[in-house]
Amino acid sequence: MRIAIFDSGVGGITVLREVLALIPGNDYIYYADTRNVPYGIKPKNEVKQYILDAVEFLSGRNIQAMVVACNTATSVAIDELRKRFDFPILGMEPAIKPAILNNTGKKILVLATSLTLCESKLGALIRMLDKNQKVEKLEMNKLVEYAEIFDFSSDEVKLYLKEKLLRLPIEEYETIVLGCTHFIYYKRLIEEIVGKGIAVIDGNEGTVRNLVNMIQKNYSVDSKKETTITFYSSGIE
Ligand code: DGL
């Protein structure tokens, strides 16, 4: 099978890594919209157009399925993408559901880009699930920029994380949801900063599980086939 994985930049590689571990033996195309990253601080319509252009490019590459490995792109464009393209398209959303299902009474903090946080998709999810009003939101846009320059652990990054997280009464939270695939690179640092009592979770596993189910339902996969990965980027202008 030929499956595309799409993100604004390097965040979706965290999804690709889990996909490869679970379902090797396919032809993967990874597309990073490096010309237009970051998405999360730009106007919705501009970002939507970037995504449509990228998926138009991918649709000409004979793909049979696509994963939008980006919470921001999912929130602004998934409905439009499913209308325009006829291959199955899986999206991502912040893992609020498991956080609420396992909630024991303290608060839940969702970290995501500004665009994800203000979109109606997340608002609707919170309204539907968060009956006890435990969910709070915090933008961490700068982590996208740090990840794009492969800065995963500098003093500047650590200071940024500490300033953002320790400004909150962090002992009041029990779960932090990483609602952006770029943030997953900082999971360990975040765990170190907030301490052991707070679970740091992400939505990658759920997305990959959906992909596995979708593939098993619709295709017969040859597990002996070798895996190929082709990388595309829209380039830097
Ligand atoms: N990786 C994207 C996400 O999951 C966002 C990065 C960006 O702002 O471009 O939300």
Side-chain angles (χ1 to χ4, degrees), residues 7-18 21 37-41 69-72 74-75 92-119 121-123 125-209:
D7 182 40
S8 58
V10 297
I13 305 257
T14 64
V15 177
L16 176 65
R17 185 180 53 192
E18 293 192 34
V37 67
Y39 283 173
I41 51 172
C70 176
N71 295 261
T72 312
T74 301
S75 27
M92 303 212 53
E93 62 187 11
I96 288 175
K97 196 170 177 186
I100 290 178
L101 285 178
N102 295 319
N103 185 256
T104 62
K106 285 182 161 188
K107 293 193 280 190
I108 296 163
L109 185 63
V110 182
L111 308 182
T113 66
S114 294
L115 196 48
T116 301
L117 292 180
C118 73
E119 267 306 297
K121 221 173 184 59
L122 183 68
L125 190 68
I126 293 176
R127 262 196 313 283
M128 185 172 73
L129 298 171
D130 188 22
K131 300 292 175 217
N132 298 323
Q133 297 185 337
K134 297 291 179 195
V135 176
E136 289 181 8
K137 311 184 228 175
L138 180 67
E139 66 77 18
M140 284 273 196
N141 296 319
K142 244 179 133 35
L143 285 185
V144 177
E145 288 173 46
Y146 288 133
E148 287 300 315
I149 56 167
F150 306 118
D151 180 354
F152 299 112
S153 58
S154 69
D155 288 344
E156 189 180 320
V157 167
K158 288 179 189 159
L159 190 67
Y160 173 70
L161 286 170
K162 278 187 192 149
E163 277 179 1
K164 294 288 283 189
L165 293 166
L166 300 183
R167 198 184 291 155
L168 302 166
I170 205 72
E171 64 290 344
E172 292 179 10
Y173 297 84
E174 63 174 46
T175 310
I176 291 180
V177 177
L178 303 179
C180 170
T181 50
H182 280 75
F183 298 179
I184 291 168
Y185 295 110
Y186 303 94
K187 183 172 179 174
R188 203 164 306 154
L189 273 184
I190 293 171
E191 284 169 343
E192 273 167 31
I193 290 168
V194 299
K196 277 200 168 45
I198 303 182
V200 182
I201 64 168
D202 62 70
N204 280 18
E205 200 201 317
T207 302
V208 177
R209 219 182 311 117

Taking C-beta and beyond as the side chain, do Leu166 and Ile193 meet within less than 4.5 Å on heavy atoms?
yes
Checking Lys106 against Tyr173: charged group under 6.0 Å from the ring centre and within 45 degrees of the axis?
no
Shortest non-hydrogen separation from Ala112 to Cys180 and the atoms involved
CA-CB, 4.4 Å
Does any N or O in the side chain of Lys131 come within less than 3.5 Å of the main-chain N or O of Met128, such that one atom is a donor and the other an acceptor?
yes
Taking the six-membered ring for Trp, are Phe152 and Tyr186 parallel (under 30°), tilted (30 to 60°) or perpendicular (over 60°)?
tilted
Just checking Glu136: does its CD atom have more than 12 heavy atoms from other residues, nucleotides or ligands closer to it than 6.0 angstrom?
yes
Measuring from Glu174:CD to Leu109:CG, what's the distance to the nearest 0.5 Å?
12.0 Å
Check the pair Glu163, Arg167 against salt bridge (charged side-chain N to carboxylate O under 4.0 Å, His left out), reporting the backbone distance first and the verdict last.
CA-CA 6 Å; Glu163 277 179 1; Arg167 198 184 291 155; 5.1 Å; no
Compute whether any side-chain donor of one residue and acceptor of the other, for Asn204 and Thr14, lie under 3.5 angstrom apart.
yes
Of all heavy-atom pairs between Asp7 and Cys70, which one has the smallest distance, and what is that distance?
OD1-CB, 3.0 Å
Below 4.5 Å, heavy atoms only, C-beta onward: do Met140 and Leu165 meet side chain to side chain?
yes
What closest approach, in Å, do Thr181 and Ala69 show between heavy atoms, and which atom pair accounts for it?
OG1-O, 3.0 Å
Would you compute the distance between atom CG of Leu189 and atom CG of Leu161 and round it to the nearest 0.5 angstrom?
6.0 Å
Taking the side chain as every heavy atom from C-beta outward, state whether Thr74 and Glu93 have any pair of such atoms under 4.5 Å apart.
no
Is it the case that the side chain of Tyr160 and the backbone of Tyr146 share a donor-acceptor pair, with hydrogens and angles ignored and the cut-off at 3.5 Å?
no
Full working for side-chain contact (heavy atoms from CB on, under 4.5 Å) between Tyr185 and Leu143:
CA-CA 9 Å; Tyr185 295 110; Leu143 285 185; over 6 Å; no
Within the supplied structure, the quantity of interest is the number of heavy atoms (other residues, nucleotides, ligands) at a distance under 6.0 Å from Lys107 NZ; does it exceed 12?
yes
Contact between Ile108 and Ile96 at the side-chain level, heavy atoms closer than 4.5 Å - yes or no?
no
Treating Ser75 as the side-chain partner and Lys121 as the backbone partner, does any N or O pair qualify as donor plus acceptor under 3.5 Å?
no
Heavy-atom pair with the smallest gap, counting every atom of Val194 and Ile176:
CG1-CD1, 3.7 Å
Would you say the side-chain atoms of Glu148 pair up with the backbone N or O of Val37, donor to acceptor, closer than 3.5 Å?
no
What's the spacing between Ile13 CD1 and Ile184 CD1 if we round to 0.5 Å?
12.0 Å
On a heavy-atom basis, the closest approach of Ser153 and Lys158 is O-CE, 3.4 Å
Look up atom NZ in Lys164 and atom CG in Leu138, then write down how far apart they are to the nearest 0.5 Å.
5.0 Å
Would you compute the distance between atom CG of Asn141 and atom CG of Leu117 and round it to the nearest 0.5 angstrom?
8.0 Å
Val144 vs Ile41, test: side-chain contact (heavy atoms from CB on, under 4.5 Å). Steps then yes/no.
CA-CA 10 Å; Val144 177; Ile41 51 172; over 6 Å; no
Looking at Arg188 and Glu192, does any basic side-chain N land under 4.0 Å from a carboxylate oxygen?
no
Over all atoms of both residues, closest heavy-atom pair of Pro94 and Thr116:
CG-CG2, 4.3 Å
Is a donor on one side and an acceptor on the other found under 3.5 Å between the side chain of Thr72 and the backbone of Leu115?
no
Please round to the nearest 0.5 Å and tell me the distance separating atom CD of Glu172 and atom NZ of Lys134.
10.0 Å
Could you tell me if the side chain of Leu129 sits less than 4.5 Å from the side chain of Val135, heavy atoms only?
no
